[in-house]
Structure formats: C-alpha cells, structure tokens
Amino acid sequence: MPAMCGRYSLVESGEEIAARFLLDAVPGALHPRYNIAPSQAVLIVAGGEGRPRRAELARWGLLPAWAREARLAQINARIETAAERRMFAGALRARRCLVPASSFFEWRRGPGARRPVRFAPAAGGLWAFAGIWEDWAPPGGPGVRTCAILTTAPNALVAPVHDRMPVILPPDLEAAWMAPGPLPADVLAGAARPYPAERMTLHAVSTAVNDARRDAPDCIAPIS
DNA sequence: CCAGACGTTGTT
DNA sequence: GTCTGG
DNA sequence: CCAGACGTTGTT
DNA sequence: GTCTGG
C-alpha cells in the first residue's frame, strides 16, 4: 500500500505560478519539473499576511538549525504529530510555507515490480502542499534553506495505493497556513483533512519516473 | 543532573 | 540489509 | 520515493 | 535547541 510524498512535479511556467500564488516574482530560470526528488532544490512560497510573499528555492529535506549531520534530513512530517516533534516544532510554529505542485507520484504494488501512478488536480492547475522550512549549515560550511512536506491520512482515491498523502491545502487555507505565529488549531485541523478525492485524478505513468535523474515529459504522461 | 536523541515511509 | 545520492 | 553503493590508508 | 531516558 504505498502512497507517498517522495516525488512530485511542477510543470507550469513562472508566470502561471506567480499568478496562481500572488507572487511579484519567482526565482529566475524556472523550468518545467516533471520529476522532483528529495535533496533537490524546490520552489517554496513563504511570507504573506502583512509580509510580502516570497518565492524561493529550498533543499527538499528539512534540517533543523541544530542538526549536526545532514543525514537527519526529513522530506516529510506527519501533521498529526509535527507540533510535538523536536525536529519540526520550531518550523511549524514559525516557518510554514506553500509548496507549489502540479501532481505527486506513488508506487503501487502489483504483479511483479512496483509501478508508479500520478495524482493530479481533476480541474488542472496547481496544488499548494503544506510545507515547513528552516535554514541549516554544516559545521563550518555554507548555509542552505531546507524544507519538508507535511503528510496526512489518504483520501478514498489514494488509500488503495498508499496509506499517506501530502497535505494539500484548500485555497481558503493557504493564506492562513502562511500567517506568522503559532498555527491556530482550526487551521491545523482543516489542513489535516484529506483533500477531497473527487477533486483528484489518478493515472499510471512510465517507470521512467523511477530514476530521479530523469526529468522529462514521459515521467508524467499517462500510460494504459 | 548528564547523555543522547531528535524522523518518515514501507516492509516483514 | 541499510545507507546515500538524486 | 527509487537506484545504487556498500572501503581503507595516505596524500593533497 | 530541547526533550527524553537513565
């Protein structure tokens, strides 16, 4: 029963992303990403609620400022427990962000090898995953901004494939998620609610997406 | 008090 | 089997 | 998440 | 840095 939050895509143009997320600008040289994997630089949207919204790049794999070893990096945080986890509490309190996404992938077990499937918005467009970020630097080394994607229980479409899915924010919670200060209980509860299955589609994709070095349209193309 | 962990997913 | 790199 | 490596001594 | 275990 795999579902995951370990691979996704972001194929829209910088202009489309800026319009959808109310951004003045996005980092230069954004190009379509068909296969985004952990450890790579990903686009996040932070700020908002009185502060300007900022789109910037962060390394996917959250490391708290106190971490001494990069191998502690976490790509996901369970929304049910993140506030209680030493590793996530600080970021959840003060450094929440949106993670723009066109779709996410999961690998389903069938006869033989696991096969990838892709989940995308039924109406097209972009999702906002709920994220957290934190700056980290190795002892004596240069700093880097890092981030993680929150996860929650699966909806009815995802459940047969996997037992977790990313937290996808309903549009009316996006601004509240990014607001400064502690996360209000009602926003946390709303975010934890699995995104409606009816607003999501699923289709099989090629195992091309298995290889994190591959980043081409065949990673998202439907197959029979 | 100090020492040591600090996390998720998936698989068995 | 388990960890690292992408 | 999957793919691919999995090591040491010594030298720069 | 902060919490848990001893």
Side-chain angles (χ1 to χ4, degrees), chain A residues 1-10 31-43 57-95 99 101-120 127 129-139 141 143-154 158-168 182 192 194 202-216 218-220:
Chain A
M1 294 254 166
M4 42 157 268
C5 327
R7 216 67 84 79
Y8 70 100
S9 76
L10 178 61
H31 58 280
R33 294 297 315 280
Y34 303 96
N35 186 13
I36 298 172
S39 83
Q40 295 177 348
V42 304
L43 186 72
L57 298 175
R59 184 180 214 266
W60 187 13
L62 185 103
L63 284 164
W66 48 259
R68 311 204 104 212
E69 304 207 343
R71 55 202 184 85
L72 296 176
Q74 297 298 316
I75 64 171
N76 295 133
R78 298 175 64 95
I79 197 169
E80 300 93 330
T81 54
E84 298 138 27
R85 294 280 175 264
R86 295 192 273 285
M87 201 152 197
F88 304 132
L92 187 69
R93 203 181 317 113
R95 289 174 296 280
V99 182
S102 309
S103 67
F104 66 93
F105 301 98
E106 307 240 358
W107 277 258
R108 110 169 109 195
R109 199 174 262 306
R114 289 159 62 88
R115 298 221 154 252
V117 288
R118 173 175 179 260
F119 294 88
W127 275 326
F129 292 161
I132 51 180
W133 63 270
E134 185 146 358
D135 288 329
W136 176 80
V144 62
R145 184 149 293 174
T146 69
C147 68
I149 294 168
L150 297 236
T151 67
T152 192
V158 176
V161 180
H162 210 40
D163 62 357
R164 300 294 293 172
M165 64 180 243
V167 170
I168 301 170
L202 160 166
H203 65 75
V205 293
S206 155
T207 53
V209 76
N210 287 15
D211 188 340
R213 293 164 302 189
R214 181 163 191 87
D215 189 15
D218 61 349
C219 291
I220 67 168

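Letters A, B, ... mirror the listed sequences (proteins, then strands); counts begin at 1.
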- prompt: Does A:R114 have a side-chain nitrogen or oxygen under 4.0 Å from the phosphate oxygens OP1 or OP2 of D:dC2?
  reply: yes
task: Give A:T151 one of three labels, base, sugar-phosphate or nothing, depending on what nucleic acid heavy atoms sit under 4.0 Å from its own.
output: sugar-phosphate
message: In this structure, how many angstroms lie between the P atom of B:dG7 and the CD1 atom of A:I132, rounded?
response: 11 Å
query: Roughly, in whole Å, what's the span from CD in A:E84 to P in B:dC6?
result: 15 Å
- request: Searching all strands shown, indicate the nucleotide that pairs with D:dC6 (Watson-Crick or G-U wobble; both distances under 3.5 Å).
  value: C:dG1
task: Determine the interatomic distance between C1' on B:dT8 and the same-named atom on E:dG5; round to the nearest Å.
output: 23 Å
- request: Could you check how far CH2 of A:W60 sits from C1' of B:dG7, rounded to whole Å?
  value: 15 Å
task: Determine, step by step, whether A:T81 and A:F88 satisfy the side chain to side chain contact (heavy atoms under 4.5 Å, CB included) criterion, reporting the C-alpha distance in whole Å, the side-chain angles of both residues, the deciding distance to 0.1 Å, and the verdict.
output: CA-CA 9 Å; A:T81 54; A:F88 304 132; over 6 Å; no
task: May I ask you to test the A:T207-A:W107 pair for a side-chain heavy-atom distance under 4.5 Å?
output: no
task: Check whether any side-chain heavy atom of A:I149 sits under 4.5 Å from a side-chain heavy atom of A:F104, and report yes or no.
output: no
query: Given D:dC1, D:dA3, B:dG7, which nucleotide is nearest the side-chain atoms of A:I75?
result: D:dC1
- request: Please report, rounded to the nearest Å, how far the C1' atom of B:dT9 is from the CE atom of A:M87.
  value: 15 Å
- prompt: Rounded to whole angstrom units, what separation is found between the CZ atom of A:R86 and the C1' atom of E:dT2?
  reply: 7 Å
Nearest-neighbour nucleotide for the A:N210 side chain, D:dC2, C:dG6, B:dC6 considered: D:dC2
query: Taking the same atom, C1', in B:dT9 and in D:dC2, what whole-Å distance lies between them?
result: 13 Å
query: Does the side chain of A:R213 get closer than 4.0 angstrom to OP1 or OP2 of C:dG6 through an N or O atom?
result: no
query: Does A:T81 have a side-chain nitrogen or oxygen under 4.0 Å from the phosphate oxygens OP1 or OP2 of B:dT8?
result: yes
query: What is the distance from CD of A:E69 to P of B:dG7, rounded to the nearest Å?
result: 15 Å
task: Counting heavy atoms from C-beta on, name the nucleotide in E:dG1, B:dT8, D:dC2 closest to the side chain of A:Q74.
output: B:dT8
- prompt: With a 4.5 Å heavy-atom cut-off, do A:R85 and A:R78 have their side chains touching?
  reply: no
task: Using the P atom on both, measure D:dC1 against B:dT11 and round to a whole Å.
output: 7 Å
- request: Provide the distance between the two C1' atoms, one in C:dG1 and one in D:dG10, to the nearest whole Å.
  value: 31 Å
message: Looking only at the aromatic ring of each residue, does the gap between the centers of A:F119 and A:W127 stay below 6.0 angstrom?
response: no
- prompt: Given B:dT9, is OP1 or OP2 found less than 4.0 Å from the side-chain N or O atoms of A:R78?
  reply: yes
- prompt: Got A:N210 and A:P116 here, is their nearest side-chain heavy-atom distance under 4.5 Å?
  reply: yes
message: Without decimals, in angstroms, what is the distance between A:R71 CZ and C:dT4 P?
response: 6 Å
query: When the distance from CG of A:L150 to C1' of B:dG7 is rounded to whole Å, what number comes out?
result: 13 Å
query: Does A:R109 make a side-chain N or O approach to OP1 or OP2 of B:dT11 shorter than 4.0 Å?
result: yes
- prompt: Under 5.5 Å between ring centres and under 30° between planes: does that hold for A:W107 against the base of D:dC1?
  reply: no
task: May I ask you to verify if any side-chain N or O of A:R85 is less than 4.0 angstrom from the OP1 or OP2 atom of B:dT8?
output: yes
task: Could you measure between the two P atoms, the one in C:dG6 and the one in B:dC6, and give it in whole Å?
output: 26 Å
